[in-house]
Protein chains: 2
Amino acid sequence: MMSQTSRYAFHVLGFLASHGGRLIPGDELAAATGIPANYLVKILNQLRKGGLVESRKGWGGGFALKPGAEDRPILDVVEIIEGQGAGAKDDCAFGRPACDAGNPCPMHEGWAEIRDGYHTLLSRTLVRDLASP
Amino acid sequence: MMSQTSRYAFHVLGFLASHGGRLIPGDELAAATGIPANYLVKILNQLRKGGLVESRKGWGGGFALKPGAEDRPILDVVEIIEGQGAGAKDDCAFGRPACDAGNPCPMHEGWAEIRDGYHTLLSRTLVRDLASP
DNA sequence: GACTCAAAGGATTTAATTGTCCGCTGAGGT
DNA sequence: ACCTCAGCGGACAATTAAATCCTTTGAGTC
């Protein structure tokens, strides 16, 4: 339901969120989170392009949360990582191309409930909530 | 959250459930469900080994639900297809190896709710419920 | 300006899932 | 007996996610 890469993104954003706007090098983030360093940098790059993270090169450089990013829902994170419409509402447990209230598959109702709960969780959880206490 | 193969399994089991214990050839099942024929046979084979389906070779052969399989929860299907412990309770949204009530990740509570809802759906939905009306 | 630090980007590898192909086996019918 | 039908099994190809490697670019220090 959630890609490994999204989980990594949650983890590292949580770490950044608990360290204010301070720039932290990728290597340090990798060591702190246990995420493979080379891969982590790629994820952070996606997040930067998505507007959640900013970076600076060279000495004293690293990654930091973009100001205001703490208030973004983590649904944004999933959409940046997995593409728009991850867990879209037309996602059917039978794999049917079209499955809605008018033409439901046998699992439609129960599955829609799970999907909506997932979507709600992603919408209500903010990046700031990912910070460790 | 649910593999494509599990979705295929739901679909074909639903078809079988709505056709009683009648033997139906794999080709016919593939045509009826839109699942790739060669792949579908492999899935049905897994389900047979898992005890949900029976089969007969040769003329008049095909696949059918095993007697009593209608009353099995579809959690069994997912476990046959994806292996035991698919969507296990240690599955953490942060990807942490250990994440429980004593040492929770920031998303632990909300995510546990989704996971439990998923597990409950699979436990309460029976193979017979997959039949189309 | 030369050197170092660290991000940016591209190419490649690995692993898992999904899907395809082909020959074998067993159960009928004729 | 022989032929056909249809499930069985193993090997293989395609796709995607995940991870690694290498080179380039930019920023700062000395």
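Chain letters run A, B, ... following the sequence lines, proteins first and then strands; every chain starts at 1.
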Engineer: With nearest nucleotides of DNA chain D determined for A:S3 and B:S55 from heavy-atom distances, which residue corresponds to the more 5′ nucleotide?
Structural biologist: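 Its nearest nucleotide being more 5', the pick is B:S55.
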Engineer: Nearest-Å distance, CD (B:Q4) to C1' (D:dA17)?
Structural biologist: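 In whole Å, D:dA17 C1' lies 16 Å from B:Q4 CD.
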Engineer: Do the charged groups of A:R96 and A:D91 touch, with an N to O distance under 4.0 Å?
Structural biologist: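 Salt bridge: no.
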Engineer: Indicate whether the side chain of B:T120 and that of B:S123 have a donor and an acceptor atom separated by less than 3.5 Å.
Structural biologist: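 No pair is found: no donor N or O on one side chain lies under 3.5 Å from an acceptor on the other.
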Engineer: Between A:R7 and D:dA17, does any side-chain N or O lie under 4.0 Å from OP1 or OP2?
Structural biologist: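 No, outside the criterion.
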Engineer: With A:F10 as reference, evaluate A:T125, A:V127, A:V78, A:T5 under the side-chain contact (heavy atoms from CB on, under 4.5 Å) test and give the passing residue.
Structural biologist: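 With A:F10 as partner, A:T125, A:V127, A:V78, A:T5 yield a single side-chain contact (heavy atoms from CB on, under 4.5 Å), made by A:V78.
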Engineer: Atom CG of B:N38 and atom P of D:dC12: how far apart are they, to the nearest Å?
Structural biologist: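 Interatomic distance, CG of B:N38 to P of D:dC12: 17 Å.
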Engineer: For B:H119, does the NE2 atom have more than 12 heavy-atom neighbours from other residues, nucleotides or ligands under 6.0 Å away?
Structural biologist: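 Open.
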Engineer: Using heavy-atom distances to pick each residue's nearest nucleotide on DNA chain D, tell me which of B:P25 and A:A37 is more 5'.
Structural biologist: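 Nearer the 5' end of the strand: B:P25.
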Engineer: Does anything in residues 57-64 of chain A come within less than 4.0 Å of DNA chain C? Heavy atoms only, and list the residues if so.
Structural biologist: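 Per residue number, the list reads A:K57, A:G58, A:W59, A:G62, A:F63.
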Engineer: Applying a strict under-4.5 Å side-chain criterion to I, L, V, M, F, W and Y, I'd like to know whether B:L44 and B:I24 cluster together.
Structural biologist: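 Cluster IDs for B:L44 and B:I24 match.
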Engineer: Would you please indicate if the ring centroids of A:H11 and A:F15 are separated by under 6.0 Å?
Structural biologist: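 Not close enough - the centres of the two rings lie 6.0 Å or further apart.
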Engineer: Does CD belonging to B:E113 count more than 12 external heavy atoms closer than 6.0 Å?
Structural biologist: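 No - once you tally the heavy atoms of other residues, nucleotides and ligands closer than 6.0 Å, there are 12 at most.
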Engineer: Indicate, yes or no, whether a donor-acceptor pair under 3.5 Å links the base of D:dG10 to the side chain of B:K42.
Structural biologist: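 Yes, a donor-acceptor pair under 3.5 Å.
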Engineer: For DNA chain C, note the earliest and the latest nucleotide, 5' to 3', having some atom under 4.0 Å of a heavy atom belonging to chain A.
Structural biologist: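 The protein-touched segment is C:dC5 to C:dA11.
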Engineer: In whole Å, I'd like the distance from the CD atom of B:E54 to the P atom of D:dA6.
Structural biologist: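 Taking atom P of D:dA6 as the reference, CD of B:E54 is at 18 Å.
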Engineer: Would you please confirm or rule out a distance under 4.0 Å between OP1 or OP2 of D:dG28 and any side-chain N or O of A:R56?
Structural biologist: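 Affirmative; the distance criterion is met.
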Engineer: Nearest whole angstrom, please: distance from the P of D:dG26 to the CZ of A:R48.
Structural biologist: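 A:R48 atom CZ is separated from D:dG26 atom P by 12 Å.
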Engineer: Would you mind telling me which of D:dC8, D:dG10, D:dT20 lies closest to the side-chain atoms of A:P36?
Structural biologist: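 The closest nucleotide is D:dT20.
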Engineer: Please give, in whole Å, the distance from D:dT24 P to A:N45 CG?
Structural biologist: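 It is 18 Å, rounded to the nearest whole Å.
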Engineer: Write down the distance between CE (A:M2) and P (D:dA17), rounded to a whole number of angstrom.
Structural biologist: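 Nearest whole value for this atom pair: 16 Å.
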Engineer: Indicate whether the side chain of B:Y8 and that of B:S3 have a donor and an acceptor atom separated by less than 3.5 Å.
Structural biologist: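 Note: B:Y8 and B:S3 side chains miss the donor-acceptor criterion.
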Engineer: More than 12 heavy atoms of other residues, nucleotides or ligands under 6.0 Å from CD of A:Q4: is that the case?
Structural biologist: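 It does: A:Q4 CD has more than 12 such atoms within range.
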Engineer: Taking CD from A:Q46 and P from D:dA18, how many angstroms apart are they, rounded to a whole number?
Structural biologist: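 Rounded to whole Å, this separation is 10 Å.
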